[in-house]
Amino acid sequence: MRIATWNVNSVGARLPRLLAWLETAAPDVLCLQELKCTTEAFPLAEVSALGYEVAAYGLGRWNGVAILSKVGIENVQRGLTDEPTYEDAVESRAIGATCGGVRVWSVYVPNGRDVEHDHYAYKLRWLEALRGTVVAESNDEPFAVLGDFNIAPSDEDVWDIGKFAESTHVTEPERKALAMLRDAGLTDVIPRPLKYDRPFTYWDYRALAFPNNNGMRIDLVYANGKFASAVTDAYVDRNERKGKGASDHAPVVVDLTGA
DNA sequence: ATGACTAACCTTGTTAGA
């Protein structure tokens, strides 16, 4: 089984590339983030035509997540258990479903903006709710949280840690939240890069970040033991970051034995 | 070639992204 995650930065703007990628990479399950549309506006007909069932969750012009599956999609849950709000509003940042016997969550962790910003405190509260959901759901069946975590797990996961003083994405409390997920039994499934030495998944649109490989590894696959032990390969499809009309994130693809 | 941000929309600026 092939399971992937991709922050598409608008499913509407990315639709031609998304459809082409679904045909060539042919994942059985794809977790999407940053739909930037409502559930109703998701391009259901186009994606369904390729043989996917869809569970989408979008509440407005920002964020939005979805799970696409060719192997069934059951027990869909929109939102985390006890998920916090931001400025008293619920945001569409997490959706869970069971696909072909694998429980998956597609998550778009809040950015945080600045360490001093309310959004950063919200990010940490949100990660605590994610931990709670993981503890409640992960068991002896394959389980994984996939998505844009907006956290670089280590200094090696950004192109130059010296550029990140006072920045979000690399702070100790954010990394502690990831450590808590590992303490809850999850493993960071680190993909291989298709080029260069480190498996970055995001490159800013500005300042020639992609050609200079000034990237970050922030799109992560956190898997329980049953899932992680079935992994045969994992890679970042950096080719999807090339050319016109690319998202600023590349897909992360994981292959599992069985089914 | 991988090329100097992109996307939605409250659209001729603002908000967000990281």
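Values below: all heavy atoms of this structure, side chains included; hydrogens, waters and symmetry mates excluded. Residue numbers begin at 1 in each chain, while the letters A, B, ... track the order of the sequences.
- Taking the P atom of each, dC5(B) and dC10(B) are spaced 27 Å apart, rounded to whole Å.
- At the phosphate of dA8(B), OP1 or OP2 sits under 4.0 Å from a side-chain N or O atom of S10(A).
- Among the heavy atoms of the strands, none lies under 4.0 Å from F164(A).
- Across all strands, K123(A) comes closer than 4.0 Å to no nucleic acid atom at all (heavy-atom distances).
- Counting any heavy atom pair closer than 4.0 Å across all strands shown, G243(A) reaches sugar-phosphate atoms only and no base atom.
- For K244(A) against dT2(B), no side-chain N or O and base N or O form a donor-acceptor pair under 3.5 Å.
- Atom-to-atom, CG of N111(A) to P of dG17(B) comes out at 5 Å; the value is rounded to the nearest Å.
- OP1 and OP2 of dA16(B) both lie 4.0 Å or more from every side-chain N or O belonging to Y205(A).
- Across A250(A) and D237(A), no two heavy atoms sit closer than the pair CB-O, 3.6 Å.
- Of the listed nucleotides (dC5(B), dC9(B), dA18(B)), dC9(B) has the atom at the smallest distance from the side chain of R61(A).
- The side chain of K242(A) has dT2(B) as its nearest neighbour among dA7(B), dT2(B), dA4(B).
- As judged by a 4.0 angstrom heavy-atom cut-off over every strand, N63(A) is placed among residues making no nucleic acid contact.
- Proximity of a side-chain donor or acceptor of Y57(A) to a complementary backbone N or O of Q77(A) within less than 3.5 Å is not detected.
- For the P atom pair drawn from dT6(B) and dT11(B), the interatomic distance equals 22 Å after rounding to whole Å.
- Residue R206(A) places no side-chain N or O under 4.0 Å from the OP1 or OP2 atom of dA18(B).
- Rounded to a whole Å, the OH atom of Y202(A) is 16 Å from the P atom of dA16(B).
- One can place NE2 of H117(A) at 13 Å from C1' of dA18(B), the figure rounded to the nearest angstrom.
- Taking a 6.0 Å sphere around CG of D82(A), one finds it holds 12 or fewer heavy atoms contributed by other residues, nucleotides or ligands.
- To the nearest angstrom, C1' of dA18(B) lies 11 Å from CG of D219(A).
- Within a 6.0 Å radius of CG in D160(A), other residues, nucleotides and ligands contribute more than 12 heavy atoms.
- Mapped onto DNA chain B by nearest heavy atom, Y86(A) and G245(A) fall at different nucleotides, with G245(A) at the one closer to the 5' end.
- Nucleotides dA8(B) and dG3(B) place their C1' atoms 25 Å apart, quoted to the nearest Å.
- Put simply, the residue from R217(A), R175(A), R198(A) that forms a side chain to side chain donor-acceptor pair (under 3.5 Å) with D157(A) is R217(A).
- When the nearest nucleotides of DNA chain B are assigned to Y196(A) and A13(A) by heavy-atom distance, the more 5′-ward of the two goes with Y196(A).
- What separates CG of D148(A) from P of dG17(B) is a distance of 10 Å, to the nearest Å.
- Protein atom NZ of K195(A) is 9 Å distant from nucleotide atom P of dT2(B), rounded to whole Å.
- Checked against a 6.0 Å centroid threshold, the rings of Y120(A) and H117(A) do not count as neighbours.
- A straight line from CG of L208(A) to P of dT6(B) spans 11 Å, rounded to a whole angstrom.
- A close approach under 4.0 Å does occur between a side-chain nitrogen or oxygen of H249(A) and OP1 or OP2 of dA18(B).
- Counting to the nearest Å, the C1' atom of dC5(B) and the CG atom of N212(A) are 15 Å from each other.
- Here R113(A) reaches the OP1 or OP2 of dG17(B): one of its side-chain N or O atoms lies under 4.0 Å away.
- Looking at the side chain of H119(A), the nearest of the listed nucleotides dA18(B), dA4(B), dG17(B) is dG17(B).
- No donor-acceptor contact under 3.5 Å links the side chain of D204(A) to the base of dA18(B).
- With both ends at atom P, the span from dG13(B) to dA18(B) equals 26 Å, rounded to whole Å.
- Between H249(A) and Y202(A), the two ring planes are tilted [angle within 30° to 60°].
- Closest to the side chain of R93(A), from the set dC5(B), dG17(B), dA7(B), is dG17(B).
- Between N9(A) and dA7(B) there is no side-chain polar atom (N or O) within less than 4.0 angstrom of OP1 or OP2.
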